[in-house]
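A short write-up of the structure that comes next.
Values below: every heavy atom of this structure, side chains too, minus hydrogens, waters and symmetry copies.
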Amino acid sequence: MRRFTVYDSRTRETRVFAPLSPPRVGLYVCGLTPYAPAHVGHGRTMTFFDVVARALRRWGYRVFYVQNVTNLDDHLIARASEDGVDPLALADRHFQDFRRSMDTLGNRSVNHYPFATDYVPEILAQIRQLVEKGYAYVADDGSVYFSVAKFPEYGKLSGQKLEALKPGARLELDERKRAPEDFVIWKATTPGEPSWESPWGPGRPGWHIEDTAMIFRLLGERCDLHGAAVDLIFPHHEAEVALAEAASGVAPFANYWMHGGLLLMEEEKMSKSLGNVALLDDAIERVGPGPLRLYYLNAQYRSPLVFQAGKSLEEAREAYSRLTVVYDRISELLERDGPERPGAELPEALGDAAEQLVERLDTTLADDFNTREAIALLFGWTRRLAEELPRLEGYSGSALEELAQPYRWGEEVLGLFVRAPTGPTGAWAAIVPVALAARARARARGDYAEADRIRDELRAAGVELEDDSSGTRWRAAPPG
RNA sequence: GCCAAGGUGGCAGAAUGGUUAAUGCGACGGACUGCAGAUCCGUUUCCUGGGGGUUCGAUUCCCUCCCUUGGCUCCA
């Protein structure tokens with residue numbers, strides 16, 4: 001297992017990671033409440049934690065990655081009643097869309113997506129435990145509240161002081177609560193809402209408790225890594241800490257807290273309630289998964305990242321095509337001729353450099369997931385090989401494999417370079433070469449009008465041609 | 001007001017108590033090309049919010065001020 005460090009927002013310092021029971025690592029990331037389509041901010045957070053899981057697995061840890069789905073809450077109920085549909089069905093539909101987006105983006109490292117409503121027995125058991133221990137109380141209407149005053153350490157994760165919280169603008173007064181900072185963990189339901197039987201009457205889970213109940217069930221009373229974006233530190237994660245540590249009596253609940261920076265929409269947080277949302281699927285469709293991942297991972301994960309509507313994606317697309325030019329060529333040659341293709345072996349210095357670079361990539365990422373620096377190293381490799389571009393054709397399959405190693409690393413760990421299965425396939429693969437041969441003959445006899453006509457027709461059909469010294473190559477036109 | 005994270009070239013964004021402050025985008029110049037595109041090469045030596053302090057040396061450490069963003073019970 002490779003040693004790595006991680007910035008722990010609980011202790012506010014960068015710490016060497018030590019799993020509770022190596023080599024297993026329990027990773028829990030707060031997923032979303034699927035009441036609307038996912039936006040590019042969700043994409044950033046999920047892509048980052050996907051890289052965390054990929055890296056840990058590469059380094060020999062056995063990661064169990066859980067990402068919950070809050071498939072029932074006030075938003076969902078409100079939205080569903082507007083549309084006249086069932087809230088659980090609405091959540092399910094949006095979650096399926098989210099899964100598809102994640103899949104396209106290359107975020108496939110989650111082992112389990114538990115739904116809140118599938119853990120009602122665990123949630124009820126934890127609530128009962130909290131009531132018995134005196135941390136929670138039952139209100140007149142059958143709702144159950146967590147009594148923040150009973151957990152004096154409340155505020156330790158976010159650095160908030162309870163006294164400072166009281167004047168908080170959004171703290172609602174509610175006569176069912178004993179104190180304004182108490183939060184609901186079991187909501188008495190009104191008729192028509194999905195509800196479950198409980199010792200306190202029909203109700204549904206509050207927000208924070210689903211996470212602790214799921215974690216206790218799936219990962220244990222403590223977990224190794226708990227993550228999400230920073231906007232969840234307070235109150236959500238603070239509440240989780242209180243619930244979990246009160247219930248179990250064991251601390252710390254999460255050994256390491258990781259909080260990713262937000263994606264800002266032109267200097268302002270993107271959020272559903274502000275309405276300044278760029279949809280994730282639109283971004284994927286516009287530039288494809290590779291450039292989008294490059295954009296996300298191109299910044300330190302804790303820094304805020306400003307999303308500039310057109311510009312950010314355009315720039316990422318340009319940068320991505322620079323980054324992939326050598327790897328694309330290597331992949332083409334290997335695909336065309338197979339790994340046994342004959343040719344020159346690699347100069348020793350270049351082979352060594354490739355090997356050393358892979359090691360350096362791992363150590364760079366092991367420094368609090370410095371994806372940006374790793375990407376800079378990959379650009380450096382590309383710059384070095386770019387000069388070899390005309391000579392690539394002459395290398396053997398194994399030499400090309402060696403040159404590709406840093407890119408393979410980028411594929412495995414960062415999820416870059418995944419080739420979207422779009423563009424001309426099947427019949428195209430047979431027709432295009434015929435057209436190219438005809439065009440080559442036209443060019444040879446100086447009939448450029450004919451050559452350009454062929455090129456234009458292929459372009460209209462979505463095939464871009466590129467002439468270079470070795471002949472003409474073709475590819476699917478980039479999206480957009 | 002309180003709690004956090006930030007402020008680096010035209011732009012996006014790294015890093016570091018010390019020779020030319022990474023990388024990418026853009027721009028400019030060149031190579032290649034029938035043209036175009038793609039690609040390659042070169043240039044973009046005067047970029048670390050203001051003010052103090054510690055130090056032989058600060059962009060980095062400390063203090064302070066200013067500004068931005070987030071949180072202060074909807075949020076990835």
Side-chain angles (χ1 to χ4, degrees), chain A residues 9 12 29-33 35 38-49 67 70 73-75 78 148 155 158-161 163-172 174 180-184 207-208 227-236 238-239 259-264 267-274 280 294-295 298-300 302-306 308 311-312 314-323 325-326 329 367 370-380 382-383 386-390 443 446-449 451-452 455-456 459 464-469 473 475:
Chain A
S9 32
R12 295 200 186 87
V29 172
C30 289
L32 44 103
T33 302
Y35 70 93
H39 56 62
V40 287
H42 297 122
R44 180 189 189 190
T45 300
M46 298 320 170
T47 301
F48 171 68
F49 284 105
Q67 187 180 119
T70 306
D73 81 334
D74 294 345
H75 283 294
V148 169
S158 57
Q160 304 275 351
K161 292 187 184 68
E163 310 81 70
L165 293 180
K166 284 181 179 165
R170 279 155 56 186
L171 210 47
E172 275 176 55
D174 187 326
E181 63 272 18
D182 292 349
F183 55 87
V184 68
W207 179 29
H208 315 298
V230 283
D231 54 348
L232 290 188
I233 291 183
F234 192 91
H236 183 50
E238 195 68 63
H259 289 104
L262 295 178
L263 193 72
L264 305 178
E267 294 288 310
E268 199 177 40
K269 177 187 169 182
M270 170 173 349
S271 77
K272 295 169 192 169
S273 45
L274 287 172
L280 179 58
L294 181 68
Y295 167 70
N298 214 181
Q300 219 288 337
R302 279 180 282 115
S303 307
L305 180 59
V306 179
Q308 301 177 50
K311 196 179 166 211
S312 294
E314 288 312 313
E315 188 174 321
R317 171 154 59 191
E318 291 310 313
Y320 188 74
S321 82
R322 163 74 184 173
L323 185 60
V325 63
V326 171
R329 188 76 186 119
D367 177 14
N370 194 339
T371 52
R372 183 57 184 97
E373 189 66 23
I375 287 169
L377 290 170
L378 289 174
F379 272 111
T382 298
R383 189 159 20 81
E387 296 180 60
E388 295 283 319
L389 218 39
R443 290 177 75 201
D447 184 357
Y448 298 118
D452 290 348
R455 181 169 63 191
D456 291 344
R459 180 179 297 136
E464 283 291 339
L465 301 190
E466 290 170 13
D467 298 322
D468 63 25
S469 53
R473 297 194 295 130
R475 58 180 182 143

For this session: Flag as yes if A:Phe234 stacks onto the base of B:G71 (centroids under 5.5 Å, planes under 30°), otherwise no.
Result: no
Exercise. Which residue lies toward the 5' end of RNA chain B, A:Thr45 or A:Val148, if each is placed at its nearest nucleotide?
Worked result: A:Val148
Exercise. Are side-chain heavy atoms of A:His208 and A:Glu238 found at a separation under 4.5 Å?
Worked result: no
Problem set entry | A:Phe183 CZ to B:U73 P, straight-line distance once rounded to whole Å | 14 Å
Problem set entry | Nearest-Å distance once atom P is located in both B:U44 and B:A5 | 37 Å
Seminar exercise, completed: 5'-most contact on RNA chain B (nearest-nucleotide basis), A:Leu389 vs A:Ala228, goes to A:Leu389
Exercise. What distance, rounded to whole Å, do you find between the two C1' atoms, one in B:G1 and one in B:C11?
Worked result: 36 Å
For this session: Fill in the dot-bracket string of RNA chain B, one character per base: . for unpaired, | for a pair to another strand, ( ) or [ ] for pairs within the strand, taking Watson-Crick or G-U pairs under 3.5 Å.
Result: (((((((..(((.....[....)))((((((.......))))))....(((((..]....))))))))))))....
For this session: Would you indicate what A:Leu294 reaches in the nucleic acid, counting non-hydrogen atoms under 4.0 angstrom: base, sugar-phosphate, or nothing?
Result: nothing
Exercise. How far apart are the closest heavy atoms of A:Gln67 and A:Met46, and which atoms are they?
Worked result: NE2-SD, 3.4 Å
Listed pairs, N/O of protein and of nucleotides 20-26 of chain B, under 3.5 Å:
unit_1: B:U23; atom_1: OP1; unit_2: A:Arg383; atom_2: NH2; d: 3.3
unit_1: B:U23; atom_1: O2; unit_2: A:Arg372; atom_2: NH2; d: 2.2
unit_1: B:G24; atom_1: N2; unit_2: A:Glu315; atom_2: OE2; d: 2.7

Seminar exercise, completed: Taking B:G6, B:G34, B:A14 as options, the one with an atom nearest any side-chain atom of A:Ala451 is B:G34
Exercise. Salt bridge or not for A:Lys311 and A:Glu314, using N-O below 4.0 Å?
Worked result: no
Exercise. Is there a donor-acceptor pair under 3.5 Å between the side chain of A:His236 and the backbone N or O of A:Ile233?
Worked result: no
Problem set entry | Euclidean distance, atom CD of residue A:Glu387 to atom P of B:U39 [Å, nearest integer] | 16 Å
Exercise. Angle class for the A:His75/A:Tyr35 ring planes (parallel below 30°, perpendicular above 60°, tilted otherwise)?
Worked result: parallel
Seminar exercise, completed: All heavy atoms of A:Ala299 vs all of A:Thr371, minimum pair found to be O-OG1, 3.7 Å
Exercise. Within this structure, what is the CD-to-P distance between A:Glu181 and B:U73, rounded to whole angstrom?
Worked result: 11 Å
For this session: Indicate the atoms forming the closest heavy-atom contact of A:Leu294 with A:Ala316, along with that distance.
Result: CD2-O, 3.8 Å
Problem set entry | Between B:A4 and B:U45 - P atom distance, rounded Å | 39 Å
Exercise. Under 3.5 Å, is there an N or O donor on one side and an acceptor on the other linking the side chain of A:Asp452 and the base of B:G34?
Worked result: yes
Problem set entry | Sidechain-backbone polar pair: A:Asn298 side chain, A:Arg372 backbone, donor-acceptor under 3.5 Å | no
Exercise. For A:Arg455 and B:C35, what is the distance between atoms CZ and P respectively, to the nearest whole Å?
Worked result: 11 Å
For this session: Write down the distance separating the C1' atoms in B:C72 and B:U54, rounded off to the nearest Å.
Result: 36 Å
Exercise. Using atom C1' of each nucleotide, how far apart are B:G34 and B:C28 to the nearest Å?
Worked result: 26 Å
Exercise. Rounded to the nearest Å, what distance is computed from the NE2 atom of residue A:His259 to the C1' atom of nucleotide B:C3?
Worked result: 14 Å
Problem set entry | Atom P, compared across B:U69 and B:A12: separation rounded to whole Å | 15 Å
Problem set entry | Stepwise side-chain contact (heavy atoms from CB on, under 4.5 Å) test for A:Tyr295 and A:Leu263 | CA-CA 11 Å; A:Tyr295 167 70; A:Leu263 193 72; 3.6 Å; yes
Problem set entry | Proximal nucleotide (of B:A15, B:G34, B:A4) relative to the A:Tyr448 side chain | B:G34
For this session: Grab the two heavy atoms, one from A:Ala228 and one from A:Leu232, that are nearest each other, plus how far apart they are.
Result: CB-CD1, 3.6 Å
For this session: Measure the shortest side-chain to side-chain distance between A:Leu32 and A:Thr70 over non-hydrogen atoms and say whether it is less than 4.5 angstrom.
Result: no
Exercise. Using atom P of each nucleotide, how far apart are B:U60 and B:G51 to the nearest Å?
Worked result: 12 Å
Seminar exercise, completed: Of the candidates B:G34, B:U39, B:U73, the side chain of A:Arg443 sits closest to B:G34
Exercise. For the pair made of CG in A:Leu323 and P in B:U39, what is the distance, rounded to whole Å?
Worked result: 12 Å
Problem set entry | Atom C1', compared across B:G13 and B:G26: separation rounded to whole Å | 14 Å
For this session: Verify the contact: side-chain N or O of A:Ser312 to OP1 or OP2 of B:C11, cut-off strictly under 4.0 Å; return yes or no.
Result: no
Problem set entry | Nucleotide B:C2, atom C1' - distance to CD of A:Glu238 in whole Å | 14 Å
Problem set entry | Out of B:C72, B:C40, B:A14, whichever nucleotide has its closest atom nearest the side chain of A:Gln160 | B:C72
Exercise. When you check the phosphate oxygens OP1 and OP2 of B:C2, does a side-chain N or O of A:Ser158 lie under 4.0 Å from one of them?
Worked result: no
Exercise. What's the NZ-C1' distance between A:Lys311 and B:A27, to the nearest Å?
Worked result: 13 Å
Exercise. Reckon A:Leu232 touches a base, only the sugar-phosphate, or nothing at all at heavy-atom distances under 4.0 Å?
Worked result: sugar-phosphate
